[in-house]
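Report on one structure; see the data block that follows.
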Amino acid sequence: MNQTRQRQRIVCIVGPTACHKTECSIELAKRVSGEIVSADSVQVYLGMDIGSAKPTKNERQGIEHHLIDCVLIDTPEFSVSMFRDMASESMRSIISRGNVPIVAGGSGLYLNALTHPLGFAVPRNEEARASALAEYGKNPGAAYARLQNVDPQTAERLHINDKKRIVRALEVFDASGEPLSSYGNDFQNVTHKEPPFDALMIGLNMDRKKLYERIGLRVDQMMERGLLEEARRIYDAGYDKNLPAMRSIGYQQLFSFFEGDCSLEEAIEKIKQDTRRFAKRQLTWFRRDEKILWHDVTCWEDGKDALIEKLTIATRQWMKGTDT
RNA sequence: GCCUCGGUAGCUCAGUUGGUAGAGCAAGGGACUGAAAAUCCCUGUGUCGGUGGUUCAAGUCCACUCUGAGGCA
């Protein structure tokens, strides 16, 4: 349990969607002999390519990518902790090859699973979850009251409407007999433990208006590249609508169109709006991480060479361990 | 040219008999420990088109003016 063994150093490129994270990470990898680990909750799914903005074979330029296409769409049990295990394994192999692990992605919780000491509690327990869900559905107030009773600490930080988290907290208690808070459920107070990796955190962000413009353009581009057909293929495969993958932005809205709930134009507008809101939430998430060194990429084309040069130097220094 | 109806939050519109404004959507902020592209919480100050006038008090009444839509010549 002592910390004599130095934690492994990695580089993370984070930020809201459509902020050039992919291109930036590939360019950096080319210069520092890096391999990329995607921290993206949708890119993991095989077959969800266009909508998740996976880099194409060409765009990858021979750089090795991990945690892309690693699970099937109908994998209901895929989760953050599974991501952490798989990503850690990839990281180990990258380091053993003498390369630099570059984590690039926008799924905040996934990133934190690598850079913060999150102590995940009991695994998903189908039975306990189903019963907690039924309990909440029947009477939210009573379910919340029970949580207050068995795990007052968690109850206090959750709003009574926060169904998903209340159900999860009850599930953990019912399955393990221990309150969720005993596993350490306070995000802001986890500094007493060591995170799995020591990360150089690089944040990319741009002017909000410009970001939203880019999101709109990118969605149109996805449609040109065949998002409709891709979504149709997934829809026709008849997966369970409750699968996490089925709720992803870009697919979810097109499914509504296929069901006849809205026009194609409305679905596309909704994709753009939901992506904007998602980007906003991503920013909320990343903003509180004070370790992130932010770079403005509003004028990407003009500034990218200089930025990548800067990041290359920073990465080399970081990996040598000379900058702390 | 005349008549009618409009001009109030980014948008669509409420606004009672005069007491300096409020809904929906959009947007912004926050939270987040095995579903996270998910889920949840909070947030409405705007020269009430402009200028004058009446009044203790005008989004509300009057005059003029700018502007949009429709109608009649």
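The sequence lines fix the lettering, A, B, ..., with proteins before strands; numbering per chain opens at 1. Side-chain atoms are counted along with the backbone in the values below, which use heavy atoms only and exclude waters and symmetry mates.
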Residue set satisfying side chain to side chain contact (heavy atoms under 4.5 Å, CB included) with A:R281, at least two apart, ordered chain then number -> A:R277, A:F278
So, A:D198 and A:Q8: side-chain donor and acceptor under 3.5 Å apart, yes or no?
no
With the side chain defined as heavy atoms from C-beta on, A:L180 is closest, among B:C41, B:G34, B:A36, to B:G34
Of the nucleotides B:A35, B:A38, B:A27, which has the atom closest to the A:R168 side chain?
B:A35
Could you identify which residues of residues 70-88 of chain A place a heavy atom less than 4.0 Å from some atom of RNA chain B, listed by residue number, or say none?
A:F78, A:S79, A:V80, A:S81
SB check A:D305 A:K310 (cutoff 4.0 Å):
no
Among residues 256-272 of chain A, which ones have heavy-atom contacts with RNA chain B below 4.0 Å?
none
Think A:R7 forms a cation-pi with A:F197, using NZ or CZ under 6.0 Å from the six-ring centre and within 45 degrees of its axis?
no
Pairs counted only when both distances fall under 3.5 Å, Watson-Crick or G-U: show me the 5' to 3' dot-bracket for RNA chain B, [ ] for pseudoknotted crossings and | for other-strand partners.
((((((((.[[[[.)...(..]]]].(((((.......))))).....[[[[[..)....]]]]]))))))).
For the side chain of A:R165 and the base of B:A38, is some donor closer than 3.5 Å to an acceptor across the two?
yes
Is the closest basic N to carboxylate O distance between A:K138 and A:E135 below 4.0 Å?
no
Hey, is A:R225 close enough to A:E230 for a salt bridge, meaning N to O under 4.0 Å?
no
Taking only the side-chain heavy atoms of A:L109 (C-beta and beyond), determine which of B:A31, B:A35, B:A36 contains the nearest atom.
B:A36
Check every atom of B:A27, B:C41, B:G34 against the side chain of A:N161 and return the nucleotide holding the closest atom.
B:C41
For A:F255, give me all partners under ring-ring contact (aromatic ring centres under 6.0 Å, His included), at least two apart in sequence or on another chain.
A:Y235
As a test of reading the structure: which of B:A26, B:G30, B:C41 is closest to the side chain of A:Q273, going by heavy atoms?
B:A26
Can you list, by residue number, the residues of residues 226-248 of chain A that have a non-hydrogen atom closer than 4.0 angstrom to RNA chain B?
A:P244, A:R247, A:S248
Select from A:R287 and A:Q282 the residue whose nearest nucleotide in RNA chain B is closer to the 5' end of that strand.
A:R287
Side chain of A:R276 (C-beta onward), nearest among B:A36, B:A26, B:U39
B:A26
